[in-house]
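Everything below concerns the one structure shown next.
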Amino acid sequence: MKAKQYFEEMLRSALTERALPWPEKAVIEPPRERKFGDYSANVCMLLAGAAGMKPRELAEALAADLRTRADQLERVEVAGPGFLNVTFAPGFWHGILADVQAAGAAYGASDLGRGQRVQVEYVSANPTGPLHIGHGRGAALGDSLARLLKKTGHQVECEYYVNDAGRQMRILGDSVWLRLRQLAGRQGEDLEDFYRGEYIKDIAAEVYRQNPDIFEQPENTAIDICFSHAVADILGGIQKDLADFRVGHDRWFSEKSLVQTDGPGALSKVDETFADLLARDLAYEEDGALWFRSTNFGDDKDRVLRKSSGELTYFASDISYHHDKFQRGFDRVIDIWGADHHGYVSRMQGAVEALGRKGALQVILVQLVSLLKDGEQVAMSTRAGKFETLSDVVAYVGTDAARFLFLSRKSDSQLEFDLELVRRKSMDNPVFYVQYAHARVYSMLAKAELAGIRPASPGPAAYAGLAGVDDLEVCRLLERFPDVVAQAAEQLAPHQVSHYLSELAAALHRYYSKHHVLSAGPEVAAARLLLLSCVAATLAAGLDLLGVEAPERMDQVVEQTVEDATGEAAP
RNA sequence: GCCCUCGUAGCUCAGUCGGAUAGAGCACAGGAUUCCUAAUCCUGGUGCCACAGGUUCGAUUCCUGUCGAGGGCACCA
């Protein structure tokens, strides 16, 4: 049983006996300072009024209750304004090792989600060019969230919304067609808004190679060919970049599928959504346009769904898209967007409310990433910037380092990504610090194996060899992992996992330098190996939640990044 | 003008539903290896938690306002 749970149960029954309620704002947590014990509760301050006692008096009374009934608690103390601090018996902490070993890679898993169906939609960049580094942050976050939610008992599906309809797509087709004509030495003036990247020229050349007769086609057909080739090509590139970044979506949802009809007279999904909104008087026609009554949901003006020109706005297909999500049975939908869309959040949430699913949509905004090299800003917007794209950055620093950095900050604050710092394989780079801790344990296990020493099985004999304060300290940290996972999932905040891992790695390194394992005598050595292999298992389980590898040897990591980097010389 | 996010050590950032003397890494200085990987460990100090009020037993945390940074406010995408 978890320490927090145990303490809470004991406390609850003691309160019940005194006819006191469990206060809403009760908190049980490890106190900041070790000297205050393992866990601390604030209930006495909250209940003093109801109990008609001073906080400290109540605390003393409850402490006495706990001392008689809670046999796992070694000490129960009252401190400060009325905190109830408890210290668990060593045997309790040792029991954690049995838990970790039994669970293995599943350590930290829970059934918090109770099978709730959750969809995570992320990246969803328009297929008009390669992914840049900001998309990488969203990708790492979405993927890690999905892992966290799965681990906590949710049924998760990841989706990428492909904006393959609408104006931008037309411009994309036009852009390729223009480059193609220029390539063939034909006329073609630069247009006001079109895509200028080098990759457009590459696509044009490829289209020409595959369709040498393209100039004999009617222009509409030619543009169609350009367009579909461009989307396929760019989307293929995006998929590859994501795969290299260890990110996979279960489904790629086409916007076009919302707009298209099955046959003549049939309604598209968007039409169905419109009909639904009109029937409930949540939409209306005015000035030749179709409007959504977003003012009913707190917006300051109504928004257009279909322009008077007949074109749909993005908002229209987005509503329809979310309508579709809920029809597919998701209990909860999480969208990850760039921070530049934040004005859109309340509107979309209003729309979801209109669909009768108030509160079922959570939007996470990912703040900007500023790319630095040796402390200097790397221009992101210009065509010349070599490190604009995610794939360039990943090639230079490696997937593990990039992911770990992205996931070590909360998503709503701006992030500095210094290429040289992230690339460095040293202690200022926390990812290697954590990976090294994992590899260190494996190195010891291998050495021990040669010496004929194997990790002990959890049990009294092993625990006898782990009675020191440092041993218990490590056990305490291991015990916290399931709480960290649960909270990170609840708050949709994977960075809490990476911070925990740094802490656990630090504990491992400290332990390593203080306590020699293999020369400690066979029994103590076996006991310590048990402890350390539990640390490794927990590190691996945590790294897995971040999508970062847990190497058994560090030279593997070095090889991997060096290899990645050789293809791309530094600018 | 209105709205959103952010403001914590020299730098990059944590800080749990409001808890006890506000933390980590980096940078800086010194030390540790006959022994399991020194990609490591140990020892040093630094804060008007942007500012001003409010809520209460208690505020970095919640509320209001001010200042500062970024972003958003279309029949754009």
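Note on naming: letters A, B, ... go to the chains in the order of the sequence lines (proteins, then strands), and numbering restarts at 1 for each one.
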Remember a base hit wins even if backbone is also touched, and classify A/S443 as base, sugar-phosphate or nothing at under 4.0 Å, heavy atoms. base
What does A/N85 touch in the nucleic acid at a heavy-atom separation under 4.0 angstrom: a base, only the sugar-phosphate, or nothing? base
Reckon A/D340 touches a base, only the sugar-phosphate, or nothing at all at heavy-atom distances under 4.0 Å? sugar-phosphate
The Watson-Crick or G-U wobble partner of B/G65, with both key distances under 3.5 Å, is B/C51
When we call it a touch if two heavy atoms are under 4.0 Å apart, what does A/L415 touch: a base, just sugar-phosphate, or nothing? sugar-phosphate
Please determine, for B/U43, whether a Watson-Crick or G-U wobble partner exists with both distances under 3.5 Å, and give it or none. B/A29
A/Q491 side chain: which of B/U16, B/G15, B/A77 is closest? B/U16
Within 45 degrees of the axis of the six-membered ring of A/Y500 and under 6.0 Å from its centre: does A/R480 put its NZ or CZ there? no
A/Q487 near the nucleic acid: base, sugar-phosphate alone, or nothing, with a heavy-atom cut-off under 4.0 Å? base
Got more than 12 heavy atoms from elsewhere within 6.0 Å of CZ, A/R454? no
Quick one: label A/E503 by what it contacts on the DNA or RNA (base, sugar-phosphate, nothing), any heavy atom closer than 4.0 Å. nothing
With the side chain of A/R510 defined as its heavy atoms from C-beta on, choose the nearest nucleotide among B/G72, B/C42, B/A77. B/C42
Across the strands shown, which category fits A/A451 at heavy-atom distances under 4.0 angstrom: base, sugar-phosphate, nothing? nothing
Checking contacts here: which listed nucleotide (B/G15, B/C73, B/C36) is nearest the side-chain heavy atoms of A/K447? B/C36
Counting the atoms with a prime plus P, OP1 and OP2 as sugar-phosphate, which does A/L46 contact under 4.0 Å by heavy atoms, base, sugar-phosphate, or nothing? base
Is the base of B/C26 syn or anti, where syn means the angle lies within 90° of 0? anti
A/F417: which residues meet the ring-ring contact (aromatic ring centres under 6.0 Å, His included) condition with it, sequence neighbours left out? A/F406
Any side-chain heavy-atom pair from A/L501 and A/L546 closer than 4.5 angstrom? yes
Could you tell me whether A/A289 contacts a base, only the sugar-phosphate backbone, or nothing, with contacts defined as non-hydrogen atoms closer than 4.0 Å? base
So what does A/H509 hit on the nucleic acid, given a heavy-atom distance under 4.0 Å: a base, only sugar-phosphate, or nothing? sugar-phosphate
If you look at every strand shown and take non-hydrogen atoms under 4.0 Å, does A/D287 touch a base, only sugar-phosphate, or nothing? base
Could you tell me how far apart A/Y284 (OH) and B/C75 (C1') are, to the nearest whole angstrom? 12 Å
Across all chains, not counting sequence neighbours, the ring-ring contact (aromatic ring centres under 6.0 Å, His included) partners of A/H509 are A/Y433, A/Y436
By the 4.0 Å heavy-atom rule, please label A/K25 as base, sugar-phosphate, or nothing. base
C1' gap between B/U12 and B/G31, integer Å: 27 Å
Considering every strand and a 4.0 Å limit on heavy-atom distances, what is the contact class for A/H499: base, sugar-phosphate, or nothing? sugar-phosphate
Determine the contact category for A/A26: base if any of its heavy atoms lies under 4.0 Å from a base atom, sugar-phosphate if only primed atoms, P, OP1 or OP2 are that close, otherwise nothing. base
